There are 2 protein chains.
Amino acid sequence: MIEAAPNPVTTVMRALADPTRRAVFERVFESKEISVAELTRGSGVTQGAISQHLKSLKQAGLVAERAEGRNVYYRAAPQGLEPLVTWMDHYGVFWRERFQNLRDLLKEIDP
Amino acid sequence: MIEAAPNPVTTVMRALADPTRRAVFERVFESKEISVAELTRGSGVTQGAISQHLKSLKQAGLVAERAEGRNVYYRAAPQGLEPLVTWMDHYGVFWRERFQNLRDLLKEIDP
DNA sequence: CTAATTCATTAGTAAATACTAATTTATCGA
DNA sequence: TCGATAAATTAGTATTTACTAATGAATTAG
């Protein structure tokens, strides 16, 4: 019963580590809004599985929902990626690589 | 035997999703180089467990090793984070938020 | 009301995972 | 040469996880 709440980074990473669940997130993101039935379609898994994945994603703060009639529409909540961004930021990866790209770009524009 | 090689994003996410293993990566990163014995120290798990985690991290391309005598020194390979960066980049999170930071920074330097 | 649809939840299962304890291989120092 | 130390590997285990099939709860349509 000692439910040590896991680190947000852990929660988000775990949510996105599973390929099926990550694919669900990607589809939700690409659609502005999408119902569970539509997500199930062509997902290769059952509707129950999709609901379970959505629950994980929601707990991780990666999606939000809106109920309408008997449908529930999900949308992405990219702010949920924030813990990942913060974590990775700590490793300087972004600035290094992205500024390199930026520098290349600028050189191209104005050599 | 049909060893469907998992997506690099999956490999990296999975490697970092476990708190213990992520902590190992963090410690490796903070030290320029660190031996397995030292990593084991105060990790809360056995030396065997640490070696297993290092193996995962290595397969994910997140660490590299150098053997010297009976020690093996590990160092971080932050380029291993590249698949994550690329994946997240697709979601526009970085540029939006980071440019905000950049703007703040510039304002500070040259108000 | 009844039948159909949508989604969530449950119980059960097979596979994956994180660990330990023990062993193995290698290197070092006395 | 021996004993000690470092690290990897192995076998075994308990827990977690991703799934299915089935059921439940709510909403809509005929």
Side-chain angles (χ1 to χ4, degrees), chain A residues 1-7 9-28 31 33-60 62-75, chain B residues 1-7 9-28 31 33-60 62-75:
Chain A
M1 218 134 280
I2 317 156
E3 277 280 319
N7 187 312
V9 179
T10 304
T11 307
V12 175
M13 287 262 192
R14 264 214 287 236
L16 295 171
D18 179 70
T20 308
R21 191 162 43 235
R22 196 170 62 249
V24 169
F25 173 76
E26 288 168 0
R27 266 186 88 191
V28 170
S31 329
E33 269 195 337
I34 187 166
S35 70
V36 179
E38 197 158 343
L39 275 173
T40 303
R41 209 178 265 284
S43 70
V45 296
T46 62
Q47 176 266 313
I50 294 294
S51 272
Q52 288 164 13
H53 285 310
L54 286 168
K55 189 177 181 180
S56 288
L57 291 170
K58 186 180 155 190
Q59 283 170 354
L62 291 167
V63 300
E65 82 222 295
R66 178 180 66 90
E68 181 182 316
R70 52 187 170 188
N71 295 325
V72 177
Y73 295 96
Y74 282 86
R75 61 185 178 283
Chain B
M1 214 138 283
I2 317 159
E3 277 282 320
N7 187 313
V9 178
T10 304
T11 307
V12 175
M13 287 262 192
R14 265 215 287 238
L16 296 171
D18 180 69
T20 308
R21 191 161 46 233
R22 196 171 61 251
V24 169
F25 173 76
E26 288 167 0
R27 265 186 89 190
V28 171
S31 329
E33 270 196 336
I34 187 166
S35 69
V36 179
E38 197 157 342
L39 275 173
T40 303
R41 207 178 267 283
S43 70
V45 296
T46 61
Q47 176 266 315
I50 294 295
S51 273
Q52 287 163 13
H53 284 310
L54 286 168
K55 190 178 181 180
S56 289
L57 291 170
K58 186 179 155 192
Q59 283 169 354
L62 291 167
V63 300
E65 84 224 291
R66 178 181 66 89
E68 181 183 315
R70 50 187 171 184
N71 296 325
V72 177
Y73 294 97
Y74 282 86
R75 62 185 178 282

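Since the model is a prediction, treat every value here as computed from it, not as a measurement. In what follows, chains are A, B, ... by sequence order, proteins preceding strands, each numbered from 1.
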Roughly how many Å is it from [atom1] in [X] to [atom2] in [N], rounded to a whole number?
X       : N      : atom1 : atom2 : result
B:Gln59 : C:dT17 : CD    : P     : 11 Å
B:Glu33 : D:dA6  : CD    : P     : 17 Å
B:Glu68 : C:dT27 : CD    : P     : 13 Å
B:Asp18 : D:dT15 : CG    : P     : 16 Å

Determine: side-chain N/O of [X] to OP1/OP2 of [N], distance under 4.0 Å, yes or no.
X       : N      : answer
A:His53 : D:dC19 : yes
A:Thr20 : D:dC19 : yes
B:Thr46 : C:dC19 : no

Check whether B:Arg21 reaches the backbone of B:Leu57 with its side chain - one donor and one acceptor, N or O, closer than 3.5 Å.
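Such a contact is absent between B:Arg21 side chain and B:Leu57 backbone.
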Does the B:Ser51 side chain pair with the main chain of B:Gly48, one donor and one acceptor, at a distance under 3.5 Å?
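Judged by distance alone, no pair lies under 3.5 Å.
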Answer with base, sugar-phosphate or nothing: what part of the nucleic acid does B:Thr40 contact at a heavy-atom distance below 4.0 Å?
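Contact class for B:Thr40: none.
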Let's see if you can work this out: which of D:dT17, D:dC19, C:dC19 has an atom nearest to the side-chain heavy atoms of A:Arg14?
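Closest of the options to the side chain of A:Arg14: D:dT17.
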A side-chain contact here means heavy atoms from C-beta on lying under 4.5 Å apart; do B:Leu16 and B:Leu62 qualify?
yes
Spacing of CZ belonging to B:Arg70 relative to OG belonging to B:Ser35, to within rounding of 0.5 Å:
11.5 Å
In terms of heavy-atom contacts, B:Thr10 and A:Ala17 come closest through CG2-O, 3.4 Å
A correct 5'-to-3' footprint of nucleotides 6-12 of chain C, with B, S and - meaning base, sugar-phosphate only and no protein heavy atom under 4.0 Å, is SBBBB--
Both A:Gly69 and A:Arg21 contact DNA chain D. Which one's nearest nucleotide lies toward the 5' end?
A:Arg21
Residues A:Ser56 and A:Gln52: side-chain donor-acceptor under 3.5 angstrom
no
